Amino acid sequence: MEEFSVKTGKQTDMIDITAQVQKAVGETGVQNGVCTVFVPHTTAGVTINENADPDVVRDVLMEVNKIVPFSDGYRHMEGNSAAHIKSSLFGCAQSVIIEGGRLQLGTWQSVYFCEFDGPRTRKAWVQVTGSYPFDAECGNEKL
Ligand code: ZN
């Protein structure tokens, strides 16, 4: 498993982590398979969405903050129930197909770390399953 940290700058934030995920995939050497991006937090999430127009991220966060307001008579003593709810709505994991050692994302897609109780320094985990390049000389998979 690979791990990297993500610094978030606002209370709610979406940070493009595609490059870090691709780097983690590259370090495994896996050519074809599946990559799971997992966020080990209860007030954050991970999603895949448009990277071309920054207004998409702005609009997503604006609407999510309307759907789940910061204050709404919640009972959780820590005072961050809205963040817990958003974490469950977005989910803590995404899977991406890997072909030729590269994440297979659509032209406009990026992987986003979703912060709902920031700013903080967070973690993301990447686990890759799949095949290594085939070594024709010895007939084994190259490691
Ligand atoms: Zn809490």
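Note that ligands are numbered from 1 as they come in the structure, with each ligand's atoms numbered from 1 the same way. Because the structure is predicted, anything quoted here is derived from the model rather than measured.
Residues Thr43 and Asn80 bring no donor and acceptor atom of their side chains to less than 3.5 Å of each other.
With 2.8 Å as the limit, Asn80 counts as an N, O or S neighbour of the Zn ion (ligand 1). For residue Glu78, an N/O/S atom approaches the Zn ion (ligand 1) to within less than 2.8 Å.
Criterion: ILVMFWY side-chain heavy atoms under 4.5 Å apart, direct or through other members. Under it, Trp125 and Val30 are not part of a common hydrophobic cluster.
Across all non-hydrogen atoms, the minimal contact from Asn51 to Tyr112 is CA-OH, 3.2 Å.
Computed with the Zn ion (ligand 1) at the centre, the His76 NE2 to His84 NE2 angle is 100°, stated to 10 degrees.
Atom CE of Met77 has 12 or fewer heavy atoms from other residues, nucleotides or ligands within 6.0 Å.
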